[in-house]
There are 2 protein chains.
Amino acid sequence: MDSTERLKEKGIRPSHQRIRIYETLASTKAHPSAEAIYKELSEELPTLSRTTVYSTLDLFAEKGLAQRLALSGSELRYDADISRHVHFRCRGCGSVSDLAAVRAPAPPEAQEGYVVESSQFYAEGLCPACSSRLDP
Amino acid sequence: MDSTERLKEKGIRPSHQRIRIYETLASTKAHPSAEAIYKELSEELPTLSRTTVYSTLDLFAEKGLAQRLALSGSELRYDADISRHVHFRCRGCGSVSDLAAVRAPAPPEAQEGYVVESSQFYAEGLCPACSSRLDP
DNA sequence: GAATATATTGTACTTATTACAATCCCGTAT
DNA sequence: ATACGGGATTGTAATAAGTACAATATATTC
Ligand SMILES: [Mn+2]
Ligand SMILES: [Mn+2]
Ligand SMILES: [Zn+2]
Ligand SMILES: [Zn+2]
């Protein structure tokens, strides 16, 4: 299914900008920030505005087309893979990757009165590149 | 054991500011931000600087005297309870609380090359107060 | 008590994000 | 085909959290 269809499916009007932002997000495993996507698309769409990227990613997260990752580090990261999986953030280089081999815990059962809408499990430390560079 | 001893134990010189910041953090279940602690202590210590609060909380996190929580929401929260437990952030009021009834997953086994230093499991949604105010 | 090291303070700066108003674009009705 | 209207996009200005830095104050060692 193409990007346009995916957006429509989630009730998002498939403008040119939104399609390209979604395709950019879906084509990488880097879990980019809004700024990273903005930079990536700036050449191709010179009039693209940061505001559009921010509000579009926000919209994607609201509509369940992408997940927003709040890990340590100052910026929010986004992921077009909406399946439940575990993330890793490297404190050396700031990269975010999937820990595919780790089983993600199920969302916690709501306790009395709480409404659980989402959950995240993530780890931090050093990625392979940084651990060989810094540790030994 | 008193706060002074706890700081010494972790190799932190127990200055007056550090002691009061630790005691403030340890006396609440609200998981305060640096700003919240600064406001709380400002009356008692009128010359206290934000910079001191930020750097002290940072030091506590480095030395293992407190944990730093990066949840969704713009600011970092801190917790003097360093045991492994699950957190909940309310998107209505921004409050952060413990989900005491939920078992926290163990830190993921490091995959080839990765060095895992910490991990977090947290949920988001509506707290009891906000869910009764917004939902029904 | 002087010399040295560490902690604190205040200010300026950076960075990520949001608010907002003006303009643009696109689907529909005339 | 043209005009209308509402959502989308843009650019600028503002906010908020956090950091850098240099000066001052406080504590520790000699
Ligand atoms: Mn992922
Ligand atoms: Mn807690
Ligand atoms: Zn790395
Ligand atoms: Zn709430």
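Residue numbers start from 1 in every chain, and the chains themselves are labelled A, B, ... in the order their sequence lines are given, proteins ahead of strands.
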If you draw a 6.0 Å radius around CD in A:Glu9, do more than 12 non-hydrogen atoms from other residues or ligands fall strictly inside?
yes
Check every strand shown and say whether A:Ser74 touches a base, only sugar-phosphate, or nothing at a heavy-atom separation below 4.0 Å.
sugar-phosphate
Starting at CG of A:Leu48 and ending at P of D:dT12, how long is that distance when rounded to a whole Å?
14 Å
Tell me what A:Ser55 touches on the nucleic acid: a base, only sugar-phosphate, or nothing, going by heavy atoms under 4.0 Å.
nothing
Does A:Thr51 reach a base, just sugar-phosphate, or nothing at all? Heavy atoms under 4.0 Å.
base
If I take atom CG in residue B:Leu76 and atom C1' in nucleotide C:dT15, what distance separates them, rounded to the nearest angstrom?
14 Å
Just how far, in rounded Å, is P of C:dT17 from CZ of A:Arg77?
10 Å
To the nearest Å, how far apart are B:Lys8 NZ and C:dT6 C1'?
16 Å
Choosing from D:dT19, D:dA27, C:dT18, which nucleotide comes nearest the side chain of B:Arg13?
D:dA27
Is the shortest side-chain N to carboxylate O distance from A:Arg68 to A:Glu62 below 4.0 Å?
yes
Rounded to the nearest angstrom, tell me the gap between atom OH in B:Tyr38 and atom P in C:dG10.
8 Å
Counting only side-chain N and O atoms of B:Arg50, is one of them less than 4.0 Å from OP1 or OP2 of C:dT9?
no
Classify the nucleic acid contact of A:Thr47 as base, sugar-phosphate or nothing, counting any heavy atom under 4.0 Å across all strands shown.
sugar-phosphate
Whole-Å distance between C:dT18 C1' and B:Glu75 CD?
15 Å
Might you confirm whether atom CD of A:Glu40 has over 12 heavy atoms from other residues, nucleotides or ligands at distances under 6.0 Å?
no
Kindly indicate, with the supporting measurements, whether the criterion side-chain contact (heavy atoms from CB on, under 4.5 Å) is fulfilled by A:Val86 and A:Arg103.
CA-CA 7 Å; A:Val86 180; A:Arg103 193 147 66 99; over 6 Å; no
Carefully, step by step, assess A:Glu35 and A:Arg50 under the rule side-chain contact (heavy atoms from CB on, under 4.5 Å).
CA-CA 7 Å; A:Glu35 181 68 19; A:Arg50 268 187 185 79; 2.8 Å; yes
Taking the minimum atom-to-atom distance to the side chain of A:Gln17, which one of D:dT10, D:dA17, D:dA20 wins?
D:dT10
Go through C:dT9, C:dT8, D:dG18 for me and flag the one nearest to the B:Tyr54 side chain.
D:dG18
A:Ser15 has a side chain; which of D:dT9, D:dA27, C:dA16 sits nearest to it?
D:dT9
For D:dT10 and A:Thr52 - does any side-chain N or O of the residue sit under 4.0 Å from the phosphate oxygens OP1/OP2?
yes
For the pair made of CD in A:Glu35 and P in C:dT17, what is the distance, rounded to whole Å?
9 Å
In whole angstroms, how far is the P atom of D:dT26 from the CZ atom of B:Arg18?
15 Å
